Amino acid sequence: AEAANGELLAPLEADLTCTLDLPGDTVAVLAGCHQLMIIDFELLGDPIDKAALGAVGWAYATDGLCVCRAPRRRGALRILHRYPFSSELKRSSTIAVIEALDSTPVPAASRLRALCKGAPEAVRSLLASVPKGYDEAYLHHASQGKRVLALAWRAMPELDSSRPLPRSDVERELVFAGFLVLHCPAKPESAGVLATLAASSHGLQMITGDQLLTACHAASHLGLTHKPQLVLTLAAPDDTPSAGKADPPPRLSWRVLRAGAAGPAPELPAFEPTRASFRALSGRYALCVDGGGFDALGEAGVLGAALPYLAVLARMAPRQKERALLTLKREGVHTLMCGDGTNDVGALKRSDVGVALVNATFVAPPPRADADAQESNEEAAGAAAGVRRRRGAPATAADRLLAPEPDVPRMKLGDASIAAAFTARSASVGACVDIIGQGRCTLVTTLQMCKILALNCLVSAFSLSVLHLKGVRMGDTQATATALSTALFFLFLSSSRPLPRLSPRRPPSSVLSPYIFCSIIAQVSIHLWALMRATALGDEHGGADAVEPDGEFEPNIANSIVWLVSTGMLITTFVVNYKGRPYMEALSSNRGLAGALAIAALVILALTAGALPDLASYLELVPLEDAALRSELQFLLAGDFAACWLLERAISRVFRY
């Protein structure tokens, strides 16, 4: 903490003070201005409040009582009233009675105090006297990535219990007690995760409630911004508003952030409220705004044009975060929002994908009842269930529901996890990579299934119409074998896993994409040609006997050839349209699908060569005795596969899929 009283302020080179050497007034603010409480024997509240309270050697006892447990520094205070943290006001306050500080009784005139803690710029306007170097001190620490909170207090008169005390009467004429400087290092994996997301064609934005300099330092440290940072600043209008006229809007200008301070940049053009200007500036600079600049862009009517090109949005209130996500959605930008607190609930709801980052805080299970109580509860659960258990019968579903819950810890969730679609058990943005990878894998798998189903349906429609009129159709055994094979292939296809690394290329977002249309038309054309050629081979080698279309099924050469070709097409469809890398594992890595397709292909080739007569008889296939017919049929299967494979690769390259 950085302590200062009145006009006294230590130089910036030696401004930090150990928490054990702080003045008593500063300790009182740290120990008494918080929103901690004990619920179910557990201390709950902001981790910053917990850290600050423990750093000064104090502890929260119960019912607002805080005591000092540091050696040789006894003290106690009791919180009488709390004014909770407000995102709009950027501060929190309490009214407390100070019993003792540093083992010394507190004078009666200053025992009842108003304690305040909040953003330096918010507390500054509440001070009776602003110390010299106030702004320079907190901006110095904020530019180094530290979180800075201003501490203040004032003596209160006796409270009138008959009427409530407004917050504005408490938070005024405060005495500055110092700055609380907090070092909150980023998690080691955060920079790597952000680099992975940026390399996979995802835009990154930081939306935070921290001070602008702190947010800009964190963005630069994490690699979220690599360009010079450009800050949008607000200046008072030049003209004075006349009577009866509204205040003119503030003037907006850009400044380059350098050496922890915002300095003028003569080379920069004037602020232009156009989309083209924001796009051009974002190519050279990382654009940064705070909550005031965010609202000014909205008042100027250019928030939608500017927001997609902003890199850092700092000092954002919850309503501003929600508005930012809603504006991005209106601009057609798909968003994934990570949040870890109540302030992020609105933004998490507005995002397309919300991810709540919660610490893995586990709640111990309730204490087990004693043996007698547990036995009586089991007896009350039902005599029938007890009889079944004593006889050794297997437990039914009702028995399992009535059984006591195992002693497993349960994770405590918060408001963010309720609002978000996903909840990460660790407060790490690494969950975003997993969600995007799984989402892409699911999307590609779904597109493959729809594409394969479309091809099979079109080929089946041709078989059930044109070929059926010629008397060519499947037997019951053949149809059953085809259906079971298709179901097995789809089962293995759905078990594909994503790759650990995201690809810069994005898969099609809809089934109705030009790539899928072109691919289906090309492959169907080849398959229909192959079926027509197979039908012609059947007519050449099957004789001229007319077949009744609606008569009983009788195995013949034409039926056998068409079934072998259509089954080979089914295998070709799965092999050709399986899209592995760069979105999910390759076909060779999916051992179940690869093995099933390989076995099916070998069986079809063996049946075509006449090597499995028993299986052919079971499938109601007529033996192909002509060697030339067998060779031509094998070339037809190979040609259908090769043509589909080459066309699919060419179309994929054209559409960059």
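Here the structure is a predicted model, which means the values were calculated and not measured. This chain uses plain numbering: 1 for the first residue, then up along the sequence.
Remark: side-chain polar atoms of His202 are paired, donor with acceptor, to backbone N or O of Ser200 under 3.5 angstrom. Between the side chain of Arg315 and the backbone N or O of Gly209, at least one donor-acceptor pair lies under 3.5 Å. Judged by distance alone, with hydrogens and angles left aside, the side-chain atoms of His226 form a donor-acceptor pair with the main-chain N or O of Gly223 at under 3.5 Å. Under a 3.5 Å cut-off, the side chain of Lys117 and the backbone N or O of Val29 do not form any donor-acceptor pair. The main-chain N or O of Leu22 is never found under 3.5 Å from a side-chain atom of Thr26 such that the two would form a donor-acceptor pair. Of the possible polar contacts, none joining the Lys90 side chain to the Phe85 backbone as a donor-acceptor pair under 3.5 Å is found. Thr233 contributes a side-chain N or O that, together with a main-chain N or O of Ser253, makes up a donor-acceptor pair within less than 3.5 Å.
The ring-ring contact (aromatic ring centres under 6.0 Å, His included) test applied to Phe278 returns Phe271, not counting sequence neighbours. Applying the ring-ring contact (aromatic ring centres under 6.0 Å, His included) criterion to Tyr83, with sequence neighbours excluded, gives His81. Every residue was checked against the side chain to side chain donor-acceptor pair (under 3.5 Å) condition with Ser220, not counting sequence neighbours, and none meets it. For Ser190, there are no side chain to side chain donor-acceptor pair (under 3.5 Å) partners, not counting sequence neighbours. With sequence neighbours left out, Phe574 forms a ring-ring contact (aromatic ring centres under 6.0 Å, His included) with Phe489, Phe490. For Glu585, the salt bridge (charged side-chain N to carboxylate O under 4.0 Å, His left out) partners at least two apart in sequence or on another chain are Arg497. Legend: residues meeting salt bridge (charged side-chain N to carboxylate O under 4.0 Å, His left out) with Asp290, ordered by chain and number and at least two apart, are absent. Residues satisfying the salt bridge (charged side-chain N to carboxylate O under 4.0 Å, His left out) test with Arg147, not counting sequence neighbours, are Asp210. Residues passing the side chain to side chain donor-acceptor pair (under 3.5 Å) test with Gln35: none are found, sequence neighbours excluded. Not counting sequence neighbours, Asp434 has no partner by the side chain to side chain donor-acceptor pair (under 3.5 Å) test. Remark: Ala324 engages Ile207, Phe294, Leu307, Met316 in a side-chain contact (heavy atoms from CB on, under 4.5 Å) (not counting sequence neighbours).
Looking at Ser495 and Asn590, their side chains come closer than 4.5 Å, going by heavy atoms from C-beta outward. In this structure, the side chains of Thr208 and Lys321 stay at 4.5 Å or more apart for every pair of heavy atoms. Between Trp254 and Leu232 there is a side-chain heavy-atom pair separated by less than 4.5 Å. Considering only heavy atoms from C-beta on, Tyr583 stays 4.5 Å or farther from Leu502 through its side chain. Residues Leu310 and Gln205 form a side-chain contact, since some pair of their non-hydrogen atoms from C-beta on lies under 4.5 Å apart. Side-chain contact between Arg172 and Arg167 is absent, with no heavy atoms from C-beta onward closer than 4.5 Å. Gln320 places a side-chain heavy atom less than 4.5 Å from the side chain of Asp295. Side-chain contact between Val123 and Leu151 is absent, with no heavy atoms from C-beta onward closer than 4.5 Å.
Residue Arg275 places its CZ atom among more than 12 non-hydrogen atoms of other residues, nucleotides or ligands, all under 6.0 Å distant. Applying the 6.0 Å contact sphere to CZ of Arg440 captures more than 12 heavy atoms from other residues, nucleotides or ligands. When the shell of 6.0 Å around CZ of Arg505 is examined, it contains more than 12 heavy atoms from other residues, nucleotides or ligands.
Nearest heavy atoms, Ala142 versus Val148: N-CG2, 4.0 Å. The heavy-atom pair separating Pro84 from Ser92 by the smallest distance is C-CB, 4.0 Å. The shortest non-hydrogen separation linking Leu357 to Ala424 is CD2-CB, 3.9 Å. For the pair Cys518 and Ile651, the tightest heavy-atom approach, listed with the atom from each and the gap, is O-CD1, 3.7 Å. In terms of heavy atoms, Asp352 sits closest to His334 at OD2-CA, 3.2 Å. Across every non-hydrogen atom of Cys116 and Leu126, the tightest pair is SG-CD1, 4.5 Å.
Here CG of Leu44 is found 12.5 Å from CG of Asp49. Values are rounded to the nearest 0.5 Å. One distance of note links OG1 of Thr335 with CG of Leu328; it measures 6.5 Å at 0.5 Å rounding. To the nearest 0.5 angstrom, Ser351 atom OG is 10.0 Å from Asp344 atom CG. Separating the CG atom in Leu139 from the CD atom in Gln144 is a distance of 11.5 Å, to the nearest 0.5 Å. One finds the CZ atom of Arg581 at 12.0 Å from the CG atom of Leu587 (value rounded to the nearest 0.5 Å). Between atom CD1 of residue Ile48 and atom CG of residue Leu149 there is a gap of 6.0 Å, rounded to the nearest 0.5 Å.
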* Can you list the steps and then say if Leu204 with Leu197 is a side chain to side chain contact (heavy atoms under 4.5 Å, CB included)? -> CA-CA 8 Å; Leu204 302 177; Leu197 293 174; 3.9 Å; yes
* Can Gln448 and Asn577 be said to form a side chain to side chain contact (heavy atoms under 4.5 Å, CB included), step by step? -> CA-CA 6 Å; Gln448 290 175 171; Asn577 294 283; 5.7 Å; no
* Assess whether side chain to side chain contact (heavy atoms under 4.5 Å, CB included) is satisfied between Leu252 and Leu234, documenting all intermediate values. => CA-CA 5 Å; Leu252 300 177; Leu234 284 73; 3.7 Å; yes
* side chain to side chain contact (heavy atoms under 4.5 Å, CB included) between Met337 and Val355, intermediate numbers included -> CA-CA 6 Å; Met337 170 72 183; Val355 183; over 6 Å; no
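Taking the six-membered ring where the residue is Trp, Tyr134 and Phe179 present tilted rings, their angle falling between 30° and 60°.
Between Lys349 and Glu322, none of the side-chain N atoms (NZ, or NE/NH1/NH2) sits under 4.0 Å from a carboxylate O, so this pair counts as no salt bridge. Residues Glu88 and Arg319 are paired through a salt bridge, judged by an N-O separation under 4.0 Å between the basic side chain and the carboxylate.
Between the side chains of Glu331 and Thr327, no donor N or O sits under 3.5 Å from an acceptor N or O. Residues Gln438 and Thr442 have side chains that never bring a donor and an acceptor to within less than 3.5 angstrom of each other. A donor-acceptor contact closer than 3.5 angstrom is absent between the side chains of Thr445 and Ser496.
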Would you tabulate the side-chain donor-acceptor contacts of residues 507-516 under 3.5 Å, counting partners in other chains and residues two or more places apart, or write 'none'?
unit_1	atom_1	unit_2	atom_2	d
Ser510	OG	Leu512	N	3.1
Tyr515	OH	Lys451	NZ	3.1
Tyr515	OH	Glu648	OE2	2.4

